[in-house]
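Just so you know, these numbers use all the heavy atoms, side chains as well, and skip hydrogens, waters and symmetry mates. Each chain gets a letter, A, B and so on, in the order its sequence line appears, and its residues count up from 1. Note that the coordinates shown come from a computational prediction; the quantities given were computed from them, not determined experimentally.
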Protein chains: 4
Amino acid sequence: MNKRELIRRTAIEIIAEEGYYNTKVQIIAEQAEIAVGTVYNYFSNKEEILNYIFKVEFDKRLDILKRLKVEAISFKEKLNLFLEEHFQELETNPATTSVLVQESQLPRKHSLKAVDDFINELPELLAEMIESAKKKKEIRDVNSSLIANAIFYTIRGMASKVVLNEHYNFDQTKEELMNLLWCGIKN
Amino acid sequence: MNKRELIRRTAIEIIAEEGYYNTKVQIIAEQAEIAVGTVYNYFSNKEEILNYIFKVEFDKRLDILKRLKVEAISFKEKLNLFLEEHFQELETNPATTSVLVQESQLPRKHSLKAVDDFINELPELLAEMIESAKKKKEIRDVNSSLIANAIFYTIRGMASKVVLNEHYNFDQTKEELMNLLWCGIKN
Amino acid sequence: MNKRELIRRTAIEIIAEEGYYNTKVQIIAEQAEIAVGTVYNYFSNKEEILNYIFKVEFDKRLDILKRLKVEAISFKEKLNLFLEEHFQELETNPATTSVLVQESQLPRKHSLKAVDDFINELPELLAEMIESAKKKKEIRDVNSSLIANAIFYTIRGMASKVVLNEHYNFDQTKEELMNLLWCGIKN
Amino acid sequence: MNKRELIRRTAIEIIAEEGYYNTKVQIIAEQAEIAVGTVYNYFSNKEEILNYIFKVEFDKRLDILKRLKVEAISFKEKLNLFLEEHFQELETNPATTSVLVQESQLPRKHSLKAVDDFINELPELLAEMIESAKKKKEIRDVNSSLIANAIFYTIRGMASKVVLNEHYNFDQTKEELMNLLWCGIKN
DNA sequence: GATGAATGAGATTTCATTCAT
DNA sequence: AATGAATGAAATCTCATTCAT
């Protein structure tokens, strides 16, 4: 594996457990079995590691949404597929979920490019899909952007709940959420 | 104003802007126009300030929910009132909202008592109300606990969106959310 | 009891347990059931408390030695009585012993008047008695000052050993020490 | 010189002069011409520096005593050699002596492993030698452990006296002490 | 490219002392 | 005389980052 990727993955595991501010670059290096200096050959500073983590995840979700957007299926099916892929992803990488949820709430002043994209652009893309569904009367008249954000926050929140809590399982949660959201917006 | 309260309020303003980890106790003291030592006469450490902030807000919301629980009105009205009071609250104290949202995602390892209560007990109380509504056939058959959490995450997320973003206003957001949630669970 | 005395006695108990540097003026005040400010009405600073503790003990031992010096008994008996009274004293006030031993080793730079007196003047007085005994051929030819100091260090050291260690008892230690020292200097 | 050793030696000089509690880690670093952080790369905290100082000296004296114990010479000669080596050592490193004497009296609660060893194990080893001499009738019937401790306290005390006081010289002190102790215990 | 010892600014926390009541 | 809340200088320790090897 290339070093940048190795560092990213190692960092995710530690940040998920400790949080970004309690994660020491030294520890990331140790866990990855490389020297601290090496980390700085691939990332200009600690923040950039977090930024890169978000960038990778942002790109993944951007792909999913772009692909869904043009597919010739109903919005309900699109929403269902989106949830499906999303929960699939986090079932595979619970640590990543933990990082995304924890660190996506940085205050404006210190926010990172990729984090900003993650919490602004992704909902915007979903909003466009909702707007289109609205025009096709697939769903009732809603404020698309607002609802898109609500959907994202719900998913993100439930994701963290599922990751942290042994009571819930992924499939059940996904189903229940799909029902809540779809009933909430359908015509 | 008593010192403990002064420190709490000052800390909220700064943490909202800078985030907990970028907030220096020194700065809180300066802003509050007291000495650093004085802060430590009222809180045993920095963490305890954050914990107290959550405790105060937790208690407020606990009161609201307990009051609503026993009132002789429909669940729909209860949900509506809860959203109403909640958005009212955060319109008055946007900084507090910002803190609650940002810092409610500490990783388990370092989580604080009051933060834990905030994200676990409050949804649990709402879940009980949902369960009761379910039995009275006011709403459809849902996993109460799961839905309660979803509602909390949605509210919390949208709250931060409204606080950070000038596009949305409180009333409109509250209305739209009420529709989404109610349609999502009604019979 | 007058306040100055109350503070002195309370301070001894705490310093014996914690050491001078780990003893907080606040704690002394609490233990004595007075306010911190009150401590500073009787002592100008923390150091002065320690100084006063030593002064009181210095005066006691000065009295003993001055009294012994002029008594019409053999040096052997004088030494015996000195050990007797000394070990008596520390059996009654083990905490005081602990303080005297611990804190009598401050480096020159920061030493206190009464501590200096304690470790210099007392041995000097004993030295005079030894010198006199030497002239009367009661003991062999020794360097009086040096032997006086040796005796003091031995006593002080053994005192702390006895206080800290349940193995040794006061009487036995006193006897054994008397033998060692007397055999060591007799003619 | 390796850094750990450099820090140890620098710390000894400063602690000898100022005392442990008045010694700032910052100052040790400055004197050693390294950064504060570097000190903490070699010692996990300030206490550990003091502990290490005692450990090194403890080990030295342990070696001497173990060597003497098995040598085929009279106890008188052993005692003489021990005093010889001891006073030699402290003549070469007066600052070390100062530290050992000053800081060996930490209150139980805060005592360090190596300090404890220093004041307990070394006398115990000497006690074994005394016990053996007693059985061979080289000396009179004494409480070995008690006498061993008395000897150590005498030596330690006199060492500090010699270091602090220009009146006494090492050779004379050693001779006088040898006489006092040997006469004190011989048959 | 890889290393990791060294750096030092800066953060948290302590605690002797003051002084208005 | 007694009080104790307030003070703030100062100490310990951390950790992101650098750079010579």
When rounded to the nearest 0.5 angstrom, what is the spacing between CZ in D:F118 and CG in D:L62? 10.5 Å
By nearest nucleotide on DNA chain E, pick out whichever of C:N45 and D:N41 is the more 5' one. D:N41
Please report, rounded to the nearest Å, how far the P atom of F:dA9 is from the CG atom of D:N22. 20 Å
Output the rounded distance in Å from CD1 (A:I34) to C1' (E:dG4). 12 Å
Taking the side chain of B:T38 as heavy atoms from C-beta outward, which of F:dT7, E:dA9, E:dT13 is closest to it? F:dT7
Check this one for me: any side-chain N or O of A:K3 less than 4.0 Å away from OP1 or OP2 of E:dA2? yes
Just call it for C:S44: base, sugar-phosphate, or nothing, with non-hydrogen atoms closer than 4.0 Å on any strand. nothing
Contact class for D:V25 vs. all strands (heavy atom < 4.0 Å): base, sugar-phosphate, or nothing? sugar-phosphate
With a 4.0 Å cut-off, would you call B:E57 and B:R8 a salt bridge? yes
Hey, what do you get for CD (A:E103) to CD1 (A:I53), rounding to the nearest 0.5 Å? 9.0 Å
Expressed as a whole number of angstroms, how long is the span from C:E33:CD to F:dG4:C1'? 16 Å
Comparing D:G37 with B:Q26, nearest DNA chain E nucleotide closer to 5' gives the residue D:G37
For D:Y42, which contact category applies under a 4.0 Å heavy-atom criterion: base, sugar-phosphate, or nothing? sugar-phosphate
Look up atom CG in C:L90 and atom CG in C:L100, then write down how far apart they are to the nearest 0.5 Å. 9.5 Å
Per atom distances to the B:V36 side chain, the nearest of F:dG4, F:dG8, E:dA5 is F:dG8
Under 4.0 Å between a side-chain N/O of B:Y40 and OP1 or OP2 of F:dA6, yes or no? no
Between E:dT17 (P) and C:I7 (CD1): distance, integer Å: 14 Å
Please report the distance, rounded to the nearest Å, between NZ in B:K46 and C1' in E:dT14. 17 Å
What is the separation between atom OH on B:Y21 and atom C1' on E:dG10, rounded to the nearest whole Å? 17 Å
Would you tabulate the side-chain donor-acceptor contacts of residues 26-33 of chain C under 3.5 Å, counting partners in other chains and residues two or more places apart, or write 'none'?
none

Can a cation-pi geometry be assigned to B:K113 and B:F58, taking NZ or CZ under 6.0 Å from the six-membered ring centre and within 45° of the ring axis? no
Pairing string, 5' to 3', for DNA chain E - Watson-Crick or wobble contacts under 3.5 Å, brackets [ ] where pairs cross, | to another strand: .||||||||||||||||||||
Evaluate the salt bridge (charged side-chain N to carboxylate O under 4.0 Å, His left out) criterion for residues B:R4 and B:E48: first the C-alpha distance (whole Å), next the side-chain angles of each, then the deciding distance (0.1 Å), finally the verdict. CA-CA 11 Å; B:R4 198 169 159 89; B:E48 219 219 279; 3.7 Å; yes
Between F:dA1 atom C1' and C:N2 atom CG, what is the distance in whole Å? 14 Å
